[in-house]
Every structure is written in C-alpha cells, then in structure tokens.
K.L.:
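Mind having a look at this structure? Questions to follow.
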Amino acid sequence: EGWLSLSHMSADISLFPFKDWMKCENRAIDEHRRELAELGHPQGPYLTRKAISRMIALTRGVVCEPEQIIIGAGTQLLVQQLMEMQNKKSIIAIEDPGYSRLYRLLNDMGFTVNPIELDNKGINIKKVESSNANFLFVTPSHQFPTGKIIPVTRRIELLNWAAGAENRYIIEDDYDSEFKYETNSIPSLQSLDRNQRVIYTGTFSKTLLPGTRISYMVLPPDLLRKYRKHYPDLMQYSNSLALFALHYFIESGAYSRHIKRMNHHYEVKRNLLIEQLRKKFNDQVCIENIPAGLHFIAQFKSVKTYDEIEACAKEGRLELYTMRRFMLKNKYKENGRIELVIGFANIDEGEIMEAVERLYWVIVF
Ligand SMILES: Cc1ncc(COP(=O)(O)O)c(/C=N/[C@@H](CCC(=O)O)COc2ccccc2)c1O
C-alpha cells in the first residue's frame, strides 16, 4: 500500500480557503493594476508591509513600522541578505539541535558558526557568552526542532547579552509561532528589546500555501539604513500579485479565521497521534508534551541505530525524520534511545492508526 507521512516538512492545505484567496487575488487585480505593471518597492508593497506590521503587533507584540519590514521569498534568502552585509569576521551562535539548512547556509557564506547546546530553558546562555559570538540565531517561541519555549527569564538574559557589547544582534526566528494549543504564545523577544538588537523573522510558509514562499524580516532602524545603503538596487523577490492578495487576505480577517480553524484542526490530530503512540508503545515511548507547532519530539527505547531506523522507515513506506537531521555538532547519543521528529500536518486522522502500526514495526522489529 502507499506511503504514509509523519514528516514535519509540510502543511495541511485541505482546509485552505481557496475561494477567499481567489477573491483577494481578483481584488488585487482590480485595484492595483498600475502597481502590477511596475517593479514595486524593493521591500515589497507598502500596503502588505503595513498589514503584516499591524498583525504581528497584535499577535506577537512586535513593535515596528512598515518601513522596517523586508518581504522576501523565504527565510533563508532574507538571512542571506542580512548576513551578506556583515563583517565576514562575525562569529555566529546557533542552537544545536537546530535548523541545519541555516547552519549550512551560514557556513557556506564563510562565517565561523558555533553550534550551542540547549538546557531545559533553551539555548545555553553561558555557552553563548563563551563562544565570543556577535550574532545569535534563536527560535524562542517554539525551539526548532525540540519545541522548547524559552521562558521570560532566559529571554531577558539573551537581551542583556545582546546589549552587553557593540555590534551584537539576536535573530529571532518566530517560525511556528501561530500554532499554540493550550498556552497562548509568550510575546516575542523583539517586544522586550529596548536596545534595537533583535531582528525578527516570520514566514507564511506553514500558515498559507507553502508554495507561495512569502517570508519577512523586521530590521531595527540602524540595520535598515545599512540595508538600504548596501542594496540600493535590490528588487523584491516575491510576486506582487500574491503580496497584494495577502494584504486583502489579512485585512479581511480571512487569515486570522484560517489560523484559528487550523489550530483546532491540528490540535485534534496531534492529540489523537499522541494518544495512539502512548497506547501502542506504553513505557517504550516518552513524549514531552509541549502543546505547540506542527510536530513534537518522541523518544523511544530501541536497540536499533539511527541508520537502521531510517532504513526500516523507508522499507515500511513511512516518511519519518530523526533528530539526527538536526544535530549540528553533538554526536547523536545512541544510549539505547532514539529521538524522532513526529509531524502531524501530513497525515489524515483516519491514517494515524496505520502510521503508528508501521512505526511500531520500524522501532521494535
Ligand atoms: C527554523 C525554521 N525557520 C524558518 C523556516 C521557514 O523557512 P521559509 O519557508 O524559507 O520561510 C523553517 C522551515 N523549515 C522547513 C524544513 C525544516 C527541515 O529542513 O527539516 C519546514 O518547512 C515547511 C514546513 C511546512 C510547510 C512548509 C514549509 C524552519 O525550520
């Protein structure tokens, strides 16, 4: 029979309001024909940046003007533009386990990148200090991939670190912040920053259609001046029709209605999957129940190596990622336990039982 997927790398678009979206695209064509004929503002249409700045002020406490927002076709591309204009001798600290694509991008750009381990409150601030980094990349609202939510105490420590010397910045990647199932999300790091040292990035990859590739970055004023000087001719990398449509989609309330609907939809699948895993694996599985995001980490007792697990998953036609994908420097420990990143966006409720059966076969046999 066919493949089943516990991948974290997808969004469930079965409930996407395509009719609403089409209406917004039609409005964009009717009301912005002239702008569609031009190249447009390098940071993206002002109207869309205004809608985003009002939205993240409401939902994440982010304080910014539309002028500070740069829209781009993906977080990586925005980070690349940001780091391109920095001193090549800059030292970067990044969470480990963490976002391996970003780790590779920053290494390929020639920076010294120091993977920093996590403690129970998120990135280990002592290790950040001793790494001599001046750029710190964190995912505070839902650490990627462990899901840890950095408490306010540790957020203050991070901000004090950033304020502790010249040319220190924190890049707050607020990925996945829209999906919170019990707690409502802690305000952003950027909302607590009084020294203009936090660069905030967000993306619509998981809340709209992943293919639209619309992400954004909020620069503090001094970095915005530097950006505009460094990139006098840069043209935006997103498509204006989608960006004008997005403006209407947000302003009409369709976006926030969609997020609410998806939160409920995902919470049902998440609870069912956790319940089935616990029923099937009993004390063979340990799930740290952090009620957020579109995946969770599950730790399994298993004599198998990560290689064997990954090979068995393929054989069992189960798309599955292990924690190994995100371990940047630390050798993954094989002390009789393996950790899996269990995504639930790509599986239907009716397939969950079968997926858990296949997973049991992968882990145990
Ligand atoms: C930490 C973090 N920050 C930002 C992003 C988003 O980047 P952007 O789409 O360029 O804005 C990702 C995407 N991470 C991706 C892969 C993670 C991995 O490699 O294992 C998963 O991305 C998607 C998931 C669902 C639907 C669509 C995309 C990120 O893991």
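On a predicted model such as this, the values are computed, not experimentally measured, just so you know. Reckoned from all heavy atoms, side chains included, excluding hydrogens, waters and symmetry mates. Note that ligands are numbered from 1 as they come in the structure, with each ligand's atoms numbered from 1 the same way. The residues of the chain are indexed from 1 along the displayed sequence.
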K.L.:
Does a side chain donor of either Ser215 or Thr203 reach within less than 3.5 Å of an acceptor in the other side chain?
P.N.:
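Thr203 and Ser215 do have a side-chain donor-acceptor pair below 3.5 Å.
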
K.L.:
Strictly below 4.0 Å, N to O, side chains only: are Glu157 and Lys121 in salt-bridge contact?
P.N.:
no

K.L.:
In terms of residue, atom name and distance, what is the protein heavy atom nearest to atom 24 (C) of ligand 1?
P.N.:
Lys206 CE, 3.5 Å

K.L.:
Among all protein heavy atoms, pick out the one at the shortest distance from atom 19 (O) of ligand 1; state its residue, atom name and that distance to 0.1 Å.
P.N.:
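For this ligand atom, the closest protein heavy atom is Arg101 NE, 2.6 Å.
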
K.L.:
Looking at non-hydrogen atoms alone, which of Gly74, Gly211, Ser205 comes nearest to atom 28 (C) of ligand 1?
P.N.:
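Minimum heavy-atom distance to atom 28 (C) of ligand 1 goes to Ser205.
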
K.L.:
Name the option, out of Arg325, Glu95, His295, that contains the heavy atom nearest to atom 18 (C) of ligand 1.
P.N.:
Arg325

K.L.:
Is the closest basic N to carboxylate O distance between Arg34 and Glu38 below 4.0 Å?
P.N.:
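Here Arg34 pairs with Glu38 in a salt bridge, since their nearest N and O are under 4.0 Å apart.
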
K.L.:
What's the verdict on side chain to side chain contact (heavy atoms under 4.5 Å, CB included) for Ile150 and Thr139, showing C-alpha distance, side-chain angles and the deciding distance?
P.N.:
CA-CA 9 Å; Ile150 298 189; Thr139 51; over 6 Å; no

K.L.:
Would you say Ser215 and ligand 1 have an N/O pair spaced under 3.5 Å apart?
P.N.:
yes

K.L.:
Is the shortest distance from a Lys or Arg side-chain nitrogen in Glu267 or Arg270 to a carboxylate oxygen in the other one below 4.0 Å?
P.N.:
no

K.L.:
In terms of residue, atom name and distance, what is the protein heavy atom nearest to atom 29 (C) of ligand 1?
P.N.:
Tyr99 CZ, 3.5 Å

K.L.:
Considering Asp173, Thr212, Thr75, which one's heavy-atom position lies nearest to atom 7 (O) of ligand 1?
P.N.:
Thr75

K.L.:
Need the ligand 1 atom indices (1-based, order shown) with element for anything under 4.0 Å from a heavy-atom of Pro210.
P.N.:
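Contacts of ligand 1 toward Pro210, numbered from 1: 26 (C), 27 (C).
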
K.L.:
Under the 3.5 angstrom rule, does the side chain of Arg358 hit a backbone N or O of Leu318 as a donor-acceptor pair?
P.N.:
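Checking the backbone N and O of Leu318 against the side chain of Arg358, no donor-acceptor pair under 3.5 Å is found.
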
K.L.:
Atoms of ligand 1 less than 4.0 Å from Phe144 heavy atoms?
P.N.:
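Heavy-atom distances to Phe144 below 4.0 Å select 1 (C), 17 (C), 30 (O).
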
K.L.:
Any N or O of Ser10 that comes nearer than 3.5 Å to an N or O of ligand 1?
P.N.:
no

K.L.:
Can you tell me which residue among Arg154, Lys148, Lys126 is in a salt bridge (charged side-chain N to carboxylate O under 4.0 Å, His left out) with Asp119?
P.N.:
Arg154

K.L.:
Working to the nearest 0.5 Å, report the span between CD of Gln81 and NE2 of His230.
P.N.:
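One finds 9.5 Å between CD of Gln81 and NE2 of His230.
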
K.L.:
Does ligand 1 have an atom under 4.0 Å from some heavy atom of Phe326?
P.N.:
yes

K.L.:
Would His8 count as a polar contact of ligand 1, with the cut-off being nitrogen or oxygen pairs under 3.5 Å?
P.N.:
yes

K.L.:
Cation-pi check, Lys269 to Phe344: give yes when NZ or CZ is under 6.0 Å from the six-membered ring centre and within 45° of the ring axis, no otherwise.
P.N.:
no

K.L.:
For atom 21 (C) of ligand 1, grab the closest protein heavy atom and report residue, atom and distance to one decimal in Å.
P.N.:
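Result for atom 21 (C) of ligand 1: Tyr175 OH, 3.5 Å.
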
